[in-house]
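First listed ligand is number 1; within each ligand, the first listed atom is number 1.
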Amino acid sequence: MKTIYMDNAATSYPKPETVYQAIDNFNRNIGANPGRGSNQQSLKSGSILVEAREALASLFNIADSNQIAFMANITEAINVGLKGILKKGDHVITTSMEHNSIARPLYAMTEQGGVEWTAVPCAPDGSLDPQNIKQVIKPHTKMICMLHASNLTGTIMPIEQVGQIASDHGVLFMVDSAQSAGVLPIDVERHNIDLLAFTGHKSLLGPQGTGGLYIKPGIDIRPLKEGGTGSLSEHLAHPGMMPDLLESGTHNTPGIAGLLAGVEFINQTGINVIEEHEAAMTELLLSGLDAIKGLTVYGPRDIKRQTAVVAFNIDGIDCGAVSMMLDYEYGIITRAGTHCTPMAHKTIGTLELGACRLSPGFFTTPEEIQAVIKAIATIAARN
Ligand SMILES: Cc1ncc(COP(=O)(O)O)c(C=O)c1O
């Protein structure tokens, strides 16, 4: 049985061939620690970090690539952005569709750190009216922090309008781009983004264990860890300049070599080509699911308003059982449950039920989508 991978929202698979090659080449032929000495191998290793920062800067229209710090994933990046900036008495605004990587740090900060948090309600299809953000801004609001696209419903958020509102009110704007970077255009200037958190292993097509944070020059941020950076080593005080300020300890250089290859693949292919392919696969999927009786599909159900993420339930069958049947009987890989986003499930009305999620990627074919629709129709008809 050939596997059909429909879980790109969790992590993209497969990766472009060049990503596998870049990781292998680093491990076999370079291997040295970047920025830890001036031997030729170490310089080669360091140049991978420079090239990866440059490639990401070009993708996100970032003027100074040194403002990008590499981290293990977007969860770390968001934690640094929130905990490195917000202080006791600050107010922060999010939407009601956030992933736990925003919700859990904020919950902890409100419980223990004296931070005030307002989560603005979204509609049952996950969409946000940006005016609702404007209405809850207070004199002590420090930051608006929100995702660009939902990992449950694919709903695309109006980050351009919210970025404008943040800028007009002198409030920092941090974006969680986990479900959009590499597939939707992101422009930190046009979207007024002060902090952009990204993860390398989803639609940026890199390996797991990569991600990072862009921070606009001039914003004060406290690092969450200090240590070796290879720079200013004679001082006990941690360096204050980016990216060293937020990068302590040896990098995941093999991973970043793979991430560089992933971003180069996106830049060469064209983000619009990737977006169009994923939209075509999503449209095919939505129209096929629409014809199946006893099925509820969540979210906008409109490719202009969502990414390649489709959540559904079959009446009377537990979503976990549906996911297992798809896996064991048809070789179709999906994710069921609450997807690390109880807030979004509450918003769309599925907190008790959960849902089964399908997420095609750039390498998904129309034949695979047809096979998925057929399998779901067969399972639904058994009921
Ligand atoms: C919207 C969103 N934010 C954050 C994350 C966390 O990503 P990571 O596990 O790479 O830190 C995810 C991953 O599922 C996500 O979909």
- Item | side-chain hydrogen bond (donor to acceptor under 3.5 Å, both in side chains) partners of residues 251-263, not counting sequence neighbours, each pair once | E247-H251
- Task: Taking only heavy atoms of the protein into account, state which residues are under 4.0 angstrom from an atom of ligand 1, in chain and number order.
- Result: N73, I74, T75, H99, S101, L147, N151, D176, A178, Q179, T199, H201, K202
- Message: Check this for me, if you would: do K225 and E76 make a salt bridge, where the nitrogen-to-carboxylate-oxygen distance has to be below 4.0 angstrom?
- Response: yes
- Query: Which pairs pass ring pair (Phe, Tyr, Trp, His ring centres under 6.0 Å) with one or both residues in residues 274-299, sequence neighbours excluded?
  - Reply: H277-F362
- ring pair (Phe, Tyr, Trp, His ring centres under 6.0 Å) pairs touching residues 222-248, sequence neighbours excluded, are none
- Task: Please tell me if the side chains of E264 and N267 come closer than 4.5 Å, counting only heavy atoms from C-beta onward.
- Result: no
- Message: Are Q179 and V309 packed together at the side-chain level, in the sense that at least one heavy-atom pair is separated by less than 4.5 angstrom?
- Response: yes
